[in-house]
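See structure below.
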Amino acid sequence: MTAFRSMNGLGYANMFSTGNVQKAMNNLYSTLATRNRAAGEKFGHYGGLVLCFVAGALVSSLAGRWLTTRSIWVVAGILVIFSTVQLRLSLSAEIYLDRNH
């Protein structure tokens, strides 16, 4: 639950989306009302989180309907892909830091 608590320096809720929706809408209002560029960037981040949450719910729903109990393999596959990408990014960053220090 607390493995990922921030994204680009912005705190977010990773177990539910209501707080993210609220932050997205507050930043959208700030962007439209005051033309605040920083709020626009925050809106993009929080809006993206909300869209990813909706996409995940949709994929899970469809996978459950079509694959029934085998739908867990979809989740496992996605976790393997993202874990592999994260590991490669971490290793690349370590190699880069080692070379430049």
Side-chain angles (χ1 to χ4, degrees):
M1 180 173 142
T2 60
F4 304 103
R5 289 184 274 185
S6 66
M7 170 190 63
N8 293 333
L10 302 172
Y12 74 98
N14 57 9
M15 293 295 289
F16 45 89
S17 195
T18 53
N20 298 330
V21 171
Q22 179 187 15
K23 290 176 183 179
M25 292 302 105
N26 285 340
N27 284 296
L28 176 61
Y29 175 78
S30 291
T31 301
L32 296 175
T34 64
R35 305 281 187 236
N36 183 342
R37 210 171 189 72
E41 289 180 23
K42 289 179 184 179
F43 167 70
H45 289 298
Y46 286 115
L49 278 173
V50 171
L51 288 176
C52 286
F53 180 84
V54 170
L58 181 63
V59 168
S60 297
S61 176
L62 294 174
R65 174 167 273 172
W66 292 332
L67 301 173
T68 61
T69 58
R70 293 177 302 229
S71 63
I72 192 68
W73 292 108
V74 173
V75 175
I78 291 170
L79 285 173
V80 166
I81 291 167
F82 281 109
S83 295
T84 303
V85 169
Q86 183 65 35
L87 180 62
R88 293 195 71 182
L89 289 173
S90 295
L91 291 174
S92 296
E94 279 185 33
I95 292 169
Y96 176 79
L97 290 174
D98 286 344
R99 288 182 184 166
N100 292 318
H101 280 89

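Keep in mind the model is a prediction, meaning the values are calculated, not measured.
Residue Ala24 comes nearest to Gly47 through the heavy atom pair CB-N, 3.9 Å, listed as atom of the first residue, atom of the second, then distance.
Annotation: side-chain contact (heavy atoms from CB on, under 4.5 Å) contacts of Leu51 (sequence neighbours excluded): none. Here Leu67 pairs with Ala63, Arg70, Ser71, Val74 under the side-chain contact (heavy atoms from CB on, under 4.5 Å) rule; sequence neighbours left out. By the side-chain contact (heavy atoms from CB on, under 4.5 Å) test, Ala39 pairs with Asn27, Ser30, Thr31, Asn36, sequence neighbours left out. Under the side-chain contact (heavy atoms from CB on, under 4.5 Å) criterion, Leu28 pairs with Met25, Leu32, Phe43, not counting sequence neighbours.
Panel note: side chain Ser60, backbone Gly56; a donor-acceptor pair is recorded below 3.5 Å. Of the possible polar contacts, one joining the Lys23 side chain to the Gly11 backbone as a donor-acceptor pair under 3.5 Å is found.
In this structure, the separation between CG on Leu87 and OG on Ser92 is 9.0 Å, given to the nearest 0.5 Å.
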